[in-house]
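Everything below concerns the one structure shown next.
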Amino acid sequence: MPQDVLQDILVRRGFLCPSYEVYGGVSGFYDYAPLGGMLKRNIENLWRRFFVVEEGFFEVDTPTIAPEQVFVASGHVENFADPVVSCRKCGTTYRADHFLQEKLGAENLSPEPEVLQRLIEERGVRCNCGGELGEVRRSSLMFSTTIGAGGRRGYLRPETAQGMFVMFPRLYSFYRKKLPFGVVQIGRAYRNEISPRQGLLRLREFTQAEAEIFVDPEEKRVHPGFGRYAGERLRLVPRSGEVLELSAKEAVERGILPHEFLAYYMAHTRRFLMEVGIPGERIRFRQHLKDEMAHYAEDCWDAEVLTKRYGWVEVVGIADRTDYDLRAHESLSGVEMRAFRQFREAVTKRVMRLVPNMQVLGPEFRGLAPRIAEAVEKLPEEAAEEFERTGRVEVDVEGEKVVLGERHLRVERVELRQTGEKFTPHVIEPSFGIDRILYAVLECALAEREGKRVLRLRPQVAPVKAAVFPLVSREELEEVALEVFREIKSQGMPAVYDASDSIGRRYARVDEIGVPFAVTVDFESLENGTVTLRHRDTAEQVRVGAKEVPGLIRRLCEGMSWDELREKLAAAP
RNA sequence: GCGGGUGUGGUCUAGCGGUAGGACCCGAGCCCCCCAAGCUCGUGACCCGGGUUCGAAUCCCGGCACCCGCACCA
């Protein structure tokens, strides 16, 4: 029962516990206990290295509460709430519109509860068990709240993304109006799940790390840095259901993946997951089925990790959100959310246009004249050609047709120079579920040695980097050990010191919480200033200078392997 | 949200109408030992709220949490 062993360590050793335990707990909420909190932070910091440092996507931090309009625009108010109806007799709950479609053979039913309610009553629809159906209600997955005393409605964000979309105009100018650019956010999101289960995998409040990458849709087939990952092998499960193992390049060439941007971030994601400690062979990418896709997505691939306890678990969603969100916010807010694409060469066009003669229009049409002029300017070029032929043109002003003749207008031929055009950028979004990744990391790290548990967390993510022990509790040994302990901490690494119990028990204790290295001060240390450095995963020890040991541990935590350290020591004794 | 099961120290558990016992963990001390195993002492629990009863961890009802199934899952 390895999963129960994991559960046991997580709770007992201070990684995780149910929130509000003293009040009986609330399902869907977990506290990160001391070690869990540090592990989570380390995973997030590694993510920052991949997305903020390497990719140059700077980090923002936006509120978790947003006014209603944001989610009206994003479609969450409409799509993120399902009409549901329960049977009064057997208790089965149905998605009301789906159920009626099936029962009545109707199509495209409105999701409005009132409409569905009337249908049920009029047509006498009953539950499959024969029982009477209750009231149709809306089951929203968003937590609602009110903002201020006036009670303006707001919601807790169901994803961190919207906060970034709505700041697009600022971002666009921050990145000096050049695409592609990206921005990231690590933060909490909230979904009022009907019935959260499976511990960390379905939380009501969870942490997302999202990157929003804004690209010119005409340039998304080619990612400027694709070479780096072209040969990266990916295990893919496209909609067709077959399992393929292809390089990123092949996958794009064969049309399995739509473009290099998606392929690049899938490969990047895979590298990140491996860096935090998930073996490559446990990672695959599965394409969302059409009906599984979010309302905003055109294509979406999930990175999934094979867990012992839950099978394949989605930990990252990489979606092509197209221009859905920017368009939506532009249309509801009235603020332009576009970018400018410069043509390679400016285009000059000779065009004809109609110029209103206000000296005539004014006196003749009075108040209506300005609006007539406006309408004339909006006429297509063909209207000018026609005017030239016929000497008359008709415009629509507030539903009224106005006929204009030669005295009202004249034709002007001009050269228009167009240096580019506006467009709405597309968004590629890798969205990471940090809590699920943390679970996967812990599960993958759990191993057993001689009946004892060892958490083989990679040194980069391990909450505590080193343990320092005096072999036995003698003042001379403790003095040296405490000095090493202080020096390790002063180099910025969390460490623990322990002088109680047998040495074996102390090693076992720190193995169980994943401390990668242990330093032991023994009697030889007093003679020649050396200490032993122990490797958690092999229990091997090497003897190194007490002065060198903090620096060595730091390098080991920055990526040097244990084997490299041994070679180094063998080369320069 | 529905049905079934479960709920005793940090963990695993005994007790199943008479007021909680063990093991491990943890803490203090002894021992001085390089991989949890010695000795002594110690802290610490009946998920919450009602009811039945002289008396409830134990029986009943409700709630909460966890597990399994159903439903839900942008």
Side-chain angles (χ1 to χ4, degrees), chain A residues 1 3-5 7-14 17-29 33 71 74-96 98-99 127-129 131 134 137 139-142 158-159 161-162 189 191-199 201-204 288 291-297 300 309 314 317 319 321 324 431 449-454 469-474 477 499-512 518-524 531-532 534-536 538-541 543:
Chain A
M1 303 177 279
Q3 56 270 42
D4 298 328
V5 168
Q7 194 70 27
D8 179 58
I9 296 177
L10 296 189
V11 174
R12 192 164 44 79
R13 292 300 193 193
C17 57
S19 297
Y20 313 115
E21 253 182 320
V22 297
Y23 289 108
V26 182
S27 94
F29 297 91
F71 300 115
S74 70
H76 285 93
V77 167
E78 195 190 331
N79 295 302
F80 206 47
D82 299 333
V84 295
V85 65
S86 300
C87 171
R88 289 194 206 277
K89 193 173 144 210
C90 72
T92 313
T93 299
Y94 302 97
R95 167 90 183 254
H98 289 184
F99 185 67
C127 174
N128 287 329
C129 78
R137 54 186 203 283
S139 170
S140 175
L141 288 175
M142 283 196 290
E159 55 174 3
Q162 297 305 327
R191 297 177 186 186
N192 203 356
E193 301 284 352
I194 302 171
S195 144
R197 295 265 173 90
Q198 314 174 307
L201 301 192
R202 286 273 294 287
L203 296 173
R204 288 187 165 127
H288 273 203
D291 62 356
E292 184 181 14
M293 216 130 52
H295 57 272
Y296 48 71
C300 184
R309 181 157 190 184
E314 64 173 275
R321 296 181 74 136
Y324 179 93
S431 171
R449 181 173 60 223
E450 294 161 18
K452 291 171 280 186
R453 294 97 181 238
V454 183
F469 307 137
L471 181 62
V472 296
S473 47
R474 288 258 293 267
L477 298 184
S500 68
D501 288 311
S502 76
I503 188 70
R505 186 191 292 277
R506 282 178 276 166
Y507 287 140
R509 256 200 299 255
V510 295
D511 282 347
E512 201 181 46
V519 176
T520 303
V521 174
D522 56 17
F523 294 102
E524 199 180 326
V531 295
T532 63
R534 172 184 180 272
H535 182 225
R536 174 198 64 205
T538 56
E540 270 176 10
Q541 286 180 312
R543 192 159 267 282

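It should be emphasised that the depicted structure is a prediction, and the values quoted were computed from it without experimental measurement. Numbered from 1 within each chain, the chains take letters A, B, ... in sequence-line order.
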Can you check the distance between [N] and [M], where both ends of the measurement are the [atom1] atom (answer in whole Å)?
N     : M     : atom1 : value
B:U52 : B:A14 : C1'   : 27 Å
B:G3  : B:C12 : C1'   : 29 Å
B:G44 : B:U11 : C1'   : 13 Å
B:C41 : B:G15 : P     : 27 Å
B:G1  : B:A56 : P     : 31 Å
B:G10 : B:C16 : P     : 23 Å
B:G18 : B:C73 : P     : 50 Å

Determine which nucleotide pairs with [N], using a 3.5 Å limit on both distances of a Watson-Crick or G-U wobble pair.
N     : value
B:G27 : B:C41
B:U52 : none
B:C66 : B:G5

task = Show the numbers, then the answer: is there a side chain to side chain contact (heavy atoms under 4.5 Å, CB included) between A:Val77 and A:Met142?
result = CA-CA 8 Å; A:Val77 167; A:Met142 283 196 290; 4.0 Å; yes

inquiry  = One pair to check against side chain to side chain contact (heavy atoms under 4.5 Å, CB included): A:Val454 and A:Arg536. What are the steps and the verdict?
reply    = CA-CA 8 Å; A:Val454 183; A:Arg536 174 198 64 205; 3.7 Å; yes

A:Thr532 side chain, from C-beta outward: closest of B:C34, B:C35, B:G10 = B:C34

request  = For the side chain of A:Arg202, starting at C-beta, report the closest nucleotide among B:C72, B:U11, B:C35.
outcome  = B:C72

ask   = How about A:Tyr20: does its OH atom have over 12 heavy atoms from other parts shown lying under 6.0 Å from it?
value = no

request  = Give, for atom CD of A:Glu314 and atom SG of A:Cys300, the distance between the pair rounded to the nearest 0.5 Å.
outcome  =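 Taking CD in A:Glu314 and SG in A:Cys300, the distance rounds to 8.0 Å.
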
Per-nucleotide protein contact string for nucleotides 26-33 of chain B, where B marks a base within reach and S marks sugar-phosphate only (heavy atoms under 4.0 Å, - for neither) = S-----BS

message = Whole angstroms only, please: what is the OH-P distance between A:Tyr20 and B:A65?
response = 13 Å

Closest contact, heavy atoms only, [X] versus [Y]:
X        : Y        : answer
A:Leu477 : A:Val521 : O-CG1, 3.8 Å
A:Leu471 : A:Arg506 : O-NH2, 3.0 Å
A:Ala518 : A:Phe469 : CB-CE1, 4.1 Å

key: Base B:C34 to side chain A:Arg534, donor-acceptor N/O within 3.5 Å cut-off   = no

[X] near the nucleic acid: base, sugar-phosphate alone, or nothing, with a heavy-atom cut-off under 4.0 Å?
X        : result
A:Gln541 : base
A:Asp511 : nothing
A:Pro18  : nothing

